[in-house]
Amino acid sequence: MQKYLNIFDFKQKVDYKNEILAGLTVAMTMIPESLMFAILAGFSPLVGLYGAFIMGLVTSIFGGRPGLISGGAGATVVVLMALMSSHGLEYVFAAVALAGVIQMIIGFLKLGKFIRLVPQPVMFGFVNGLAIIIFMAQMDQFKVGVGDAAVWLTGPAMYTMLGLVLFTVAIIVFVPKVTKAVPASLIGIIVVFLIVYIFNIDTKQVVDIINQDTLPGEELKSLSGTLPSFHIPQIPFTFEDFKVILPYGLIMAAVGLTEGLLTLNLVDEITGTKGNSNRECVAQGGANILNGFFGGMGGCPMIAQTLVNLSAGSRARLSGIIASLTILMIILFGAPVIELVPIAALVGVMVMVSVGTFEWASFKALRRMPKPDIFVMILVTLITVFLHNLALAVLIGVIISALVFAWESAKRIRARKHIDENGVKHYEIYGPLFFGSTTLFNEKFDVQGDPEEVIIDFKESRVADMSGIEALNKITERYAKVGKKVHLRHLSKDSISLLENADDIIEVNVMEDPTYKVMVDKSRTKSKNKDPETKNPFKLWGL
């Protein structure tokens, strides 16, 4: 059998060994994270594992790019915690399904492309914030108890836990220097598991996470279960109940798509390939709809597990499918073994993931980045770390970056002035005319001192919005009040289109340019100007 075979994409070569081993490694790191977030939100362990299985399988097959791993992510689960405490699990399932519908609509409308508007400083801040969150989340494993009642391990328990974590980290660091045949993370998990089992070392295991909130006398929980079954969320189908789940569905959809599409962009950069953001939106939405009707907690792409997958050598969809099926097999058959996996081994893997996730190059970039970009990067990182609200962090970063861009663009508008042999004054405009530059634009003109006829040349400029059009209207009015005439010249196609659309509410004079082919669209002419040589609008060709 050939080493490389094609799967899902006839142009892509797949190394089956790498994909299978990567999938097994991803499953080992995904299970404890899904369990922890499920328990934190008040769900049963199986709700977390069902969510990881359904989310991972659907998005691996139908998602926007190979190599991207999805599961029961904390970013989306945190959104649902308040709904769980106030209305219960059935409302959570309904909100997850609604979030999926919203995500699919966004994908079908092809709105995923707007993730391109996220600037690089925001990406740096997002990734660095996630790396810090991943690292800080591992500190909880050095505690016993739940929530505010959790206390740090002490004495031999702490030293054992710390020693096993460092041993796992050492394996992950040094094994690749010897062999890359098997992912170092998987080797680390297996070796530490065998050491703990053979020498009967007393340390935290997966089963301890599952039962950390179990009271004395209660039946111990287990990962063992059956196949997820179809279940319609049992909530009243009324408008009032819809208003309860709608805000949670919207926020979950936004957070999931934000984290997912940014992770997709990150994988694009790492692999040097291009994913499909709209396809990812549809796949993520479909997976969450299934989660809502099959008892999963929902989720989105998981950056930590995705980086584990990529570092293990995966570049295809197969690893995600293997990871999902592994989780299902564990639910059905392998729970007794997985429950004995030491938490220290998984913490060591995640610590190395956080180190690999952090954009260390951003420190070097600080010396070259403009100060506003540095501010945006640090702000996004802080919001991500302290508020754990990825959507808010990215939104604020994009808004600030857009305002900075608008301000810098506004300062770039210039006007070169000269008077020709006929006594006509020319203003040659450089830079875009939009809401941010209208004030500077109006300051360029000497209405009282200019001759009787003025030409404003837009060969090196363009009218970008209605604020720019209103600025043109105001400047022509100022000249008209003193009996002077203004012509607009070299307007671009989109600028002409804007003028046509605004023709009913403003009046400007557009001058025919002798160096361009110009045709008057008489069927659409509505100009208030009585001069036949300056009728508006025009269709310009060749611009």
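Along the sequence shown, residues are numbered consecutively beginning with 1. Values reported hereafter were calculated over all heavy atoms of this structure, with side chains retained and with hydrogens, waters and symmetry mates removed.
In this structure, T168 and V349 approach most closely via the heavy-atom pair CG2-N, 4.1 Å. Closest approach of T226 and I331 over heavy atoms only: O-CG2, 3.9 Å. Taking both residues in full, the closest heavy atoms of L227 and L332 are given as N-CD2, 3.7 Å, listed atom of the first, atom of the second, then distance. A pairwise comparison of heavy atoms in F124 and M377 identifies CB-SD, 3.5 Å as the closest pair. Of all non-hydrogen atoms in V398 and P119, the two that sit nearest each other are CG2-CD, 4.0 Å. Between I106 and N278, the shortest heavy-atom contact is O-OD1, 4.5 Å.
A centroid separation of less than 6.0 Å is found between the aromatic rings of F363 and F358. For F293 and F93, the gap between ring centers reaches or exceeds 6.0 Å.
Between the side chains of S362 and N128, at least one donor-acceptor pair of N or O atoms lies under 3.5 Å. Checked by atom type, the side-chain pair D241/T238 shows a donor-acceptor distance below 3.5 Å.
With a 6.0 Å radius and a threshold of 12 heavy atoms from other residues, nucleotides or ligands, M329 has its CE atom above the threshold. Counting non-hydrogen atoms of neighbouring residues, nucleotides and ligands closer than 6.0 angstrom, the CZ atom of F294 exceeds 12 such neighbours. Counted within 6.0 Å of CZ on F230, heavy atoms from surrounding residues, nucleotides or ligands total more than 12; the atom is thus considered enclosed. Residue F62 qualifies as open at atom CZ: its count of foreign heavy atoms under 6.0 Å is 12 or below.
Residue pairs meeting the ring pair (Phe, Tyr, Trp, His ring centres under 6.0 Å) criterion with at least one partner in residues 256-291, sequence neighbours excluded, do not occur; the list is empty. Screening residues 81-109 for salt bridge (Lys or Arg N to Asp or Glu O under 4.0 Å), with sequence neighbours left out, gives no hits.
A donor-acceptor pair is defined here as one N or O able to donate and one able to accept, closer than 3.5 Å; such a pair exists between the side chain of T29 and the backbone of V26. Under the 3.5 Å distance criterion, the side-chain polar atoms of N309 are left unmatched by any main-chain donor or acceptor of Q305. With hydrogens and angles disregarded, no donor-acceptor distance shorter than 3.5 Å links the side chain of T25 to the backbone of V308. Side chain of W360 to main chain of V355: a donor-acceptor pair is present (N/O by atom type, distance under 3.5 Å, no hydrogens or angles). Checking side-chain atoms of S319 against main-chain N and O of G23 turns up no donor-acceptor pair under 3.5 Å. Remark: side-chain polar atoms of N288 are paired, donor with acceptor, to backbone N or O of G299 under 3.5 angstrom. Judged purely by atom type and a 3.5 angstrom limit, Q234 uses its side chain to pair as donor or acceptor with the backbone of I232. One N or O on the side chain of R279 and one on the backbone of G63 form a donor-acceptor pair closer than 3.5 Å. Checked by atom type and distance alone, the side chain of E19 pairs as donor or acceptor with a backbone atom of R315 at under 3.5 Å.
A heavy-atom distance below 4.5 Å is not found between the side chains of I396 and V380. The closest side-chain heavy-atom distance from L261 to C281 is below 4.5 Å. Looking only at side-chain heavy atoms (C-beta outward), C300 and M252 stay at 4.5 Å or farther from each other.
In this structure, CD1 in I251 is found 10.0 Å from CD1 in I102, a value given to the nearest 0.5 Å. Taking CD of E259 as the start and OG1 of T384 as the end, the distance is 9.5 Å to the nearest 0.5 Å. Annotation: the span from D465 atom CG to F434 atom CZ amounts to 8.0 Å, rounded to 0.5 Å. The CD1 atom of I338 lies 11.0 Å from the OG atom of S224; values are rounded to the nearest 0.5 Å. From I210, atom CD1 reaches atom CD1 of I31 across 9.5 Å, with rounding to the nearest 0.5 Å. A distance of 10.0 Å separates CG of L80 from CG of L89, quoted to the nearest 0.5 Å.
By the ring pair (Phe, Tyr, Trp, His ring centres under 6.0 Å) test, F375 pairs with no residue at all, sequence neighbours left out.
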Test log, rule side-chain hydrogen bond (donor to acceptor under 3.5 Å, both in side chains), inputs E339 and S222: CA-CA 8 Å; E339 289 173 358; S222 173; 2.9 Å; yes
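Of the candidates N276, T59, N265, T271, T271 is the only one forming a side chain to side chain donor-acceptor pair (under 3.5 Å) with R65.
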